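One structure is given below, encoded as structure tokens.
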Amino acid sequence: MQYSLGPILYFWPKNQVEEFYQQAMQSSADVIYLGETVCSKRRELKTKDWVALARELAGKGKQVVLSTMALLEAPSEVKTLKTYCDNGDILIEANDVGAIQLLSEQGKPFVAGPAINCYSQHSLHRLLKLGMQRWVMPVELSRDWLQNILSGCDELGIRNQFEVEVFGYGYLPLAYSARCFTARSENRPKDQCELCCINYPNGRLTRSQEGQELFVLNGIQTQSGQCYNLINDLAGMHNLVDVVRLSPLSADTLDWLEKFRANKNGQCPQTVERDCNGYWHSIAGMNLATP
Amino acid sequence: MELLCPAGSMPALKKAVTEGADAVYIGLKDDTNARHFAGLNFTGDKLSKAADYLHQHGKKLHIAINTFAHPDGWRRWQYAVDSAVDNGADTLILADLAVLEYACDTYPQLDLHLSVQASATNTVAINFYQQQFNVSRVVLPRVLSIHQVKQLARQTTVELEVFAYGSLCIMAEGRCYLSSYMTGESPNTAGACSPASFVRWQETEQGLESRLNDVLIDRYKKHENAGYPTLCKGRFEVEGNVYHALEEPTSLNTLDLLPELMQCGISAVKIEGRQRSPAYVEQVTRIWRQAIDACARDSGNFNPQPAWNQGLQAVSEGSQTSLGAYHRKWQ
């Protein structure tokens with residue numbers, strides 16, 4: 001089992017990003033995803049900074065992947081996407097089919113990110129023909145669904161042609177909108193957001209009127225209100241999952257990485273009462289199934 | 001410009017035709033359709049009757065097969081495509097890569113439209129679907145500003161269709177898991193957002209409460225219009241403030257934008273609401289027919305009549321309408 005660090009989903013100051021990756025470099029992460037995937041106004045690091053950081057990490061022996069934006073609307077955003085795709089040799093995680101279009105035109109391989117709608121072995125087959133190397137399952141899918149897809153891939157004879165990655169830790173990206181909900185929470189329109197996301201390094205928690213934690217507002221992205229945590233489900237992933245993704249919340253995520261490694265076969269289970277894992281168990285995502 | 005209207009039943013379909021729809025879109029009675037609600041949609045005999053009725057009246061039938069195929073249910077999506085074609089569909093509205101591939105390979109002459117559920121919001125994504133599956137039209141998600149819609153219209157040769165009126169989906173369609181997070185049932189795979197079986201209404205001392213799988217979505221005071229408990233339209237608390245954190249119960253209404261949409265070459269305007277009543281379809285189709293005809297006659301002097309807006313407001317969620325993301329200020 002390999003472990004990856006997903007792209008930072010929040011808007012952190014440049015020095016915090018750099019500090020995080022200095023630590024990540026020393027960590028046991030096998031794969032590191034980098035880049036801004038949520039909002040094109042978040043430019044503490046420019047495209048060239050991300051590419052330079054990617055090269056530095058690759059030089060330290062990490063497998064590095066540049067992740068692209070999930071919701072691309074403006075021509076300027078497509079232009080940035082092109083710059084990413086034209087970077088040369090760094091692998092790209094496509095989070096929109098627009099990225100798949102650009103990469104497949106160039107005959108370049110790609111990772112199909114969690115925001116790509118792929119729900120069956122037949123769609124996977126198509127993505128493989130286009131150059132997919134690794135598939136990050138949509139976060140709402142379960143272990144059973146994955147098992148079904150992989151059986152289907154066996155029948156199609158494509159089971160061994162790609163890797164499977166699962167979002168295993170962090171707040172789940174649940175939706176993308178044109179509207180910036182963080183700006184709205186401060187009574188600002190998106191065009192005058194003043195980059196206020198930078199004040200919420202792990203987003204803004206949203207509760208029901210009864211105090212139940214429901215969502216986290218992260219700019220145009222809406223995340224789960226509970227942290228998704230599959231640490232106690234790792235033993236059931238063997239022969240299904242190649243890479244488990246941890247979505248960075250802070251440097252603490254690197255401690256979780258070690259806890260995940262230690263619990264590979266279920267020998268070091270963790271208390272996760274406040275977290276959720278429902279999706280993996282084919283129930284409502286917000287729920288927590290205990291063994 | 002085509003006026004494309006919804007129908008969840010034969011009576012709704014007939015109303016759409018009577019009131020001047022150019023084409024009607026429907027879904028099959030199963031989870032291949034993103035409006036999979038009990039008592040709605042078409043199957044077998046009714047499907048071919050719907051096609052016959054539309055063709056007799058010189059109108060077109062679009063069939064939406066716009067959820068994503070299950071790994072062990074592939075035959076159901078294949079059958080949906082075959083059945084739609086056999087029963088006389090003029091156009092299929094598809095989202096799934098594999099379903100698109102199957103339809104494109106099996107019926108090369110068939111007219112394919114890219115469903116809004118596929119979430120194509122930019123030129124390169126549109127190019128992808130045009131090149132891979134020869135789609136003739138792309139339905140744009142409700143997350144683009146009018147400026148962005150115009151930019152796309154300039155940059156692509158594929159036909160564009162936009163949502164004109166109806167429920168306001170504020171998330172990029174096909175990429176919203178809020179409902180499955182709360183209920184376990186996904187719009188992408190099961191075909192319904194906030195499925196009715198999870199919805200509960202309760203009168204309490206604090207007002208009328210709407211719940212989804214026991215999660216409190218909103219509480220309404222006596223004078224307030226209650227919206228359907230979709231997660232994006234509830235009132236929630238962010239650091240002490242209770243408000244519509246994502247969006248208010250409101251419907252999309254783009255009558256004001258009609259001249260601009262026509263001018264930039266939008267091929268079709270779509271009315272949302274396959275889950276709505278025949279009376280809704282009748283009212284909305286009638287108004288939009290009048291508006292399109294008036295705008296086509298003289299777009300320079302087009303002004304939505306107050307009666308049109310009033311008529312639309314009467315069937316809107318929360319009795320209010322919005323330009324949604326088309327208008328930058330909303331964003």
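Residue numbers begin at 1 in each chain, while the letters A, B, ... track the order of the sequences. This one's a predicted model, so the numbers in the text were calculated from it and none came from an experiment.
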Side chain to side chain contact (heavy atoms under 4.5 Å, CB included) between A/Arg184 and B/Val238, intermediate numbers included: CA-CA 11 Å; A/Arg184 181 174 168 82; B/Val238 181; over 6 Å; no
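With contacts defined as side-chain heavy-atom distances shorter than 4.5 Å, the pair A/Ser185/B/Tyr243 qualifies. Between B/Leu216 and A/Gln212 the shortest side-chain heavy-atom distance does not fall below 4.5 Å.
Residues of residues 229-237 of chain B that come within less than 4.5 angstrom of chain A, heavy atom to heavy atom, are B/Leu231, B/Arg235, B/Phe236, B/Glu237 in numerical order. Taking non-hydrogen atoms and a 4.5 Å limit, the residue list of residues 140-156 of chain B in contact with chain A, ordered by number, reads B/Val143, B/Leu144, B/Gln148, B/Gln151, B/Gln155. Of residues 127-135 of chain B, those residues lying under 4.5 Å from chain A by any heavy-atom pair are B/Asn127, B/Phe128, B/Tyr129, B/Gln131, B/Gln132, B/Phe133.
In terms of heavy-atom pairs under 4.5 angstrom with chain A, the leader among B/Lys329, B/Gln117, B/Glu185, B/Glu247 is B/Glu247. For the set B/Asp72, B/Thr123, B/Val215, B/Ile126, the entry with the most heavy-atom pairs within less than 4.5 Å of chain A is B/Val215. Highest contact tally toward chain B, considering only A/Leu141, A/Leu174, A/Leu127, A/Val139, is held by A/Leu174 [criterion: heavy-atom pairs under 4.5 Å]. Between chain B and the options A/Cys180, A/Ser224, A/Ser208, heavy-atom pairs under 4.5 Å are most frequent for A/Ser224. With chain A as partner, the option from B/Ala69, B/Cys169, B/Gly324 having the largest number of non-hydrogen pairs under 4.5 angstrom is B/Ala69. Ranked by heavy-atom pairs shorter than 4.5 Å toward chain A, the options B/Thr189, B/Asn213, B/Leu100 are led by B/Thr189. Among A/Pro189, A/Pro75, A/Ser104, the residue making the largest number of heavy-atom pairs under 4.5 Å with chain B is A/Pro75. Counting heavy-atom pairs closer than 4.5 Å to chain A, the top residue among B/Ala95, B/Gly184, B/Ala118 is B/Gly184. When A/Asn287, A/Ile283, A/Leu205 are compared by the number of non-hydrogen pairs under 4.5 Å with chain B, A/Leu205 comes out ahead. Per-residue heavy-atom pair counts under 4.5 Å with chain B were compared for A/Leu214, A/Ile100, A/Leu102, A/Ile116, and the maximum is reached by A/Leu214. By number of non-hydrogen pairs under 4.5 angstrom with chain A, the leading residue of B/Leu178, B/Leu246, B/Asn188, B/Asp218 is B/Leu246.
Looking only at distances, a side-chain donor or acceptor of A/Asn117 sits under 3.5 Å from a matching main-chain atom of B/Gly174. The main-chain N or O of B/Ile170 is found under 3.5 Å from a side-chain atom of A/Ser177 such that the two form a donor-acceptor pair. Using modelled atom types, no side-chain atom of A/Arg179 and backbone atom of B/Ala325 make a donor-acceptor pair closer than 3.5 Å. For B/Thr121 (side chain) and A/Leu72 (main-chain N/O), a donor-acceptor pair under 3.5 Å exists by modelled atom type.
Using a 4.0 Å cut-off between charged side-chain N and carboxylate O, A/Arg126 and B/Asp96 make no salt bridge.
In this structure, chain B has no heavy atom under 4.5 Å from any part of A/Leu150. Of the two parts of A/Gln226, the backbone and the side chain both hold a non-hydrogen atom closer than 4.5 Å to a non-hydrogen atom of chain B. Both the backbone and the side chain of A/Arg207 come within less than 4.5 Å of a heavy atom in chain B. Heavy-atom distances place no part of B/Phe198 under 4.5 Å from chain A, backbone and side chain included. Both the backbone and the side chain of B/Ser186 come within less than 4.5 Å of a heavy atom in chain A. Of the two parts of B/Val242, only the side chain, counted from C-beta on, holds a non-hydrogen atom closer than 4.5 Å to a non-hydrogen atom of chain A.
No more than 12 heavy atoms of other residues, nucleotides or ligands shown are found within 6.0 angstrom of OH on B/Tyr79.
With sequence neighbours excluded, the residues that form a side-chain hydrogen bond (donor to acceptor under 3.5 Å, both in side chains) with A/Tyr279 are B/Ser180.
Shortest non-hydrogen contact noted between B/Ala172 and A/Leu71 is CB-CD1, 4.1 Å. Residues B/Tyr181 and A/Gly225 approach most closely at OH-N, 3.4 Å, considering heavy atoms. The two residues A/Ala178 and B/Trp330 come nearest to each other via the heavy atoms CB-CZ3, 4.4 Å.
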